[in-house]
Each structure stands twice: as C-alpha cells, then as structure tokens.
Amino acid sequence: MNAIDVTGLKKSYGQLEAVRGIDLAIASGEIFALLGPNGAGKTTTVEILEGFRTRDSGKVAVLGFDPSGGGLASRQWRNRIGIVLQSTSDAGDLTVIETIKHFHGYYSNPRGVDEVINSVGLDEKANSLIRKLSGGQRRRLDVALGIIGNPELLFLDEPTTGFDPQARRSFWSLIRQLRQSGTTILLTTHYLDEAEALADRVGVINNGQIVEISTPTDLGGRASAKAVVSWRDGDEIKSEATANPTAVINRLNSQFNGEIPELTVIRPSLEDIYLKMIGAEHE
Ligand code: ATP
C-alpha cells in the first residue's frame with residue numbers, strides 16, 4: 001500500500017486555482033521532495049494531506065485514510081503522522097524540554113524525550129526558554145516536535161530554513177536515520193541540494209500542476225544532458241558542450257600531450273535543470 005495516494009486534487013481560493021489537478025503516489029518508506037517556486041501550490045497540497053485544509057475535488061488517501069474525515073479514526077490517524085509546518089507557533093514561556101515532554105504526552109508510542117533532543121542537536125539548550133532560542137534553534141525544536149510521536153509518515157515543510165550549514169548536514173543524517181527505520185517522508189524545500197541529498201524521488205510543481213516526477217538524477221533528462229568541458233588554451237578559456245566528454249578529453253590529451261590546463265567537466269546541477277523546467281533560467 002502507498003503511504004500517500006492522490007488523484008485529481010483541486011483547490012481554489014476564490015478565483016485563484018492554487019492546485020489544478022494533482023496526481024501523486026508516494027510509496028511507504030520513500031522520501032519524496034516536492035519542489036516548486038513560491039506560490040506553486042506546495043503548502044496547499046501538503047496541508048490538504050495533513051487534514052488542515054479542505055479540498056474542492058479529487059481523491060486523497062494518507063496512510064489509507066481520507067484526511068477530511070473526522071472522529072476517532074482521525075485521532076488515531078493523527079497519532080501516526082508527524083508534521084513540521086512552515087511557520088512556527090508561539091511557545092510562550094516554556095523551556096525546550098518542557099515543550100517536548102508536553103508533546104510526548106500526546107502520543108501512544110513516542111520516542112524518548114532525551115533521544116529526540118539529542119538527535120536535533122539541542123542538548124545544550126534543553127533548559128532554555130523557547131523565546132530565547134535563535135531562529136535556527138527554534139526550527140530544530142519544530143523538527144523535534146514533528147518526530148517525537150515516532151511517526152510512520154512525516155511531513156516536513158521547508159524544514160531547514162534558517163539552519164547553518166552544519167545544522168543542515170546533521171539534519172540530513174537524522175532524516176536518513178528515520179528512513180532506515182522505515183519512516184515515509186514528504187518534504188518541501190527550496191534547497192535543491194537538500195532534495196538531491198535526501199529524496200528518492202522529486203516532484204516539480206508549478207502553477208498548481210505537476211510538471212514532472214522523477215529521481216533527482218533523471219529529472220528533466222539530466223542523466224543524458226550534455227556536459228561542458230572547459231580548459232585553458234593560451235590566454236583563452238575554451239569550452240565545449242558535449243554528450244561524450246571522454247572523447248573531448250582524449251582529443252585534448254593528444255593536443256596538449258600531457259596535463260590539460262585548468263580542465264573541468266561540469267554537468268548540469270539539479271538546480272540548473274529545475275530552473276529550466278519552471279522557466280526561470282533567465283531570471
Ligand atoms: P511557498 O514556496 O511560497 O511556500 P507554495 O508552493 O507553498 O509557496 P501555496 O502556499 O500553496 O504555495 O500557495 C498557492 C497559491 O494559493 C498562492 O498564489 C497563494 O497566494 C494562494 N493561497 C494560499 N493560501 C491561501 C489562502 N488561505 N487564501 C487565499 N489564497 C491563498
């Protein structure tokens with residue numbers, strides 16, 4: 001069974017069609033990244049899946065349950081999912097550990113409080129008031145609250161915004177550990193390197209529609225895209241776009257008869273491909 005199954009999802013706000021017919025199937029245990037420019041419809045889609053927004057039409061099953069349903073089934077379902085929203089809620093005058101303990105009490109099968117604090121790197125701040133945390137530390141707390149319930153399915157909406165590079169790397173290793181334990185993860189992010197590092201598949205959404213779903217390696221024909229070989233020839237840097245960089249290097253090798261000056265081979269990054277897909281490469 002898929003963790004998430006969506007067909008023909010639509011949602012408008014007045015005249016604005018924010019989500020215009022989305023189909024999405026995410027397998028259990030998969031890390032799926034939803035990419036798209038500001039206003040593309042990512043948060044709308046994800047919040048419908050989380051049961052926080054209503055939809056106009058389409059079918060949605062999340063862990064086999066329609067998030068718009070209510071009652072006891074809904075409470076049991078919520079116990080199985082973890083959510084890190086884009087905006088943080090105000091936490092008043094509680095400390096980190098008090099807040100995590102409080103949320104710990106909501107779940108039937110939670111992870112250990114200390115273990116979670118440690119896994120998001122907040123040991124030294126466990127007894128600090130939340131309002132005294134930095135932006136990035138606050139975001140780590142959000143992640144801690146998303147995983148304290150030991151969820152089968154975790155929604156992460158731009159989880160590493162405001163993280164320093166070191167915190168992002170340790171967050172990535174936390175996500176990989178969660179994957180190893182079988183957690184399904186739906187991630188939205190504006191960091192293409194994050195999607196590449198973590199996601200089994202990525203889906204690009206633009207103007208409320210899915211443009212493509214693929215692995216990060218294959219997105220937009222990336223795997224077969226031309227590489228650019230460049231080198232120094234006297235005073236000039238020369239470059240050549242080619243589907244066969246090895247042949248170009250062999251040719252240069254015989255031309256230079258040894259080390260090719262300042263040789264580089266560059267393939268398009270996920271970001272290059274993504275920007276092209278959403279038509280923004282000249283912005
Ligand atoms: P971002 O990357 O900026 O978070 P997003 O892809 O998550 O963007 P959404 O928040 O889903 O985009 O917004 C999609 C469109 O719907 C936008 O044009 C937005 O202005 C509009 N929109 C979102 N929420 C509402 C709302 N509650 N009322 C009216 N319009 C909304």
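Numbering of ligands and ligand atoms starts at 1, following listing order. What's counted below: heavy atoms across the whole structure, side chains too, no hydrogens, waters or symmetry copies. Note that the structure is predicted; figures quoted are calculated from it, not measured.
- Residue Gly41 has at least one nitrogen or oxygen atom sitting less than 3.5 Å from a nitrogen or oxygen atom of ligand 1, judged on distance alone.
- Judged by distance alone, with hydrogens and angles left aside, the side-chain atoms of Arg222 form a donor-acceptor pair with the main-chain N or O of Pro268 at under 3.5 Å.
- Between the side chains of Arg53 and Tyr13, at least one donor-acceptor pair of N or O atoms lies under 3.5 Å.
- Within the structure, ligand 1 has Pro37 among the residues with a heavy atom less than 4.0 angstrom away.
- For ligand 1, the atoms closer than 4.0 angstrom to any heavy atom of Glu158 are 2 (O), 4 (O).
- Not one N or O on the side chain of Arg201 forms a donor-acceptor pair closer than 3.5 Å with the backbone of Pro216.
- Looking at Thr189, Ile205, Asn38, it is Asn38 that brings a heavy atom closest to atom 1 (P) of ligand 1.
- Within the 4.0 Å heavy-atom criterion, the part of Arg53 lying near ligand 1 is the side chain and not the backbone.
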Exercise for the section: List the steps, then state whether side-chain hydrogen bond (donor to acceptor under 3.5 Å, both in side chains) holds for Asn127 with Thr95. Expected result: CA-CA 5 Å; Asn127 293 305; Thr95 64; 5.1 Å; no
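- Summary of contacts: the protein heavy atom closest to atom 13 (O) of ligand 1 is Thr44 OG1, 3.9 Å.
- Heavy-atom proximity to His190, at under 4.0 Å, picks out these atoms of ligand 1: 2 (O).
- Nearest-residue assignment for atom 5 (P) of ligand 1 (options Lys42, Glu47, Glu17; heavy-atom criterion): Lys42.
- Gln86 NE2, 3.2 Å is the protein heavy atom nearest to atom 4 (O) of ligand 1.
- In this structure the side chain of Leu153 reaches within 4.5 angstrom of the side chain of Phe155, judged on heavy atoms.
- For atom 10 (O) of ligand 1, the closest non-hydrogen atom on the protein side is Thr43 CB, 3.6 Å.
- Of all atoms in ligand 1, listed by their number and element, those nearer than 4.0 Å to a heavy atom of Ala40 are 5 (P), 6 (O), 12 (O).
- Cation-pi geometry between Arg139 and Phe163 is not met at under 6.0 angstrom from the ring centre and within 45 degrees of the axis.
- Around atom CD of Gln180, no more than 12 heavy atoms belonging to other residues, nucleotides or ligands sit under 6.0 Å away.
- Look at Arg251 and Glu240 and you find a salt bridge, because one of the NZ, NE, NH1 or NH2 atoms lies within 4.0 Å of a carboxylate O, short of that distance.
- If you check which protein heavy atom lies closest to atom 23 (C) of ligand 1, you get Tyr13 CE1, 3.4 Å.
- The residue among Gly39, Gly14, Ala18 with a heavy atom at the shortest distance from atom 17 (C) of ligand 1 is Gly39.
- For the pair Ser68 (side chain) and Thr54 (backbone), a donor-acceptor distance under 3.5 Å is absent.
- The main-chain N or O of Ala167 is found under 3.5 Å from a side-chain atom of Asp164 such that the two form a donor-acceptor pair.
- Protein heavy atoms are found inside the 4.0 Å sphere centred on atom 8 (O) of ligand 1.
- When non-hydrogen atoms are compared, ligand 1 lies under 4.0 Å from the side chain of Leu16 (C-beta onward) but not from its backbone.
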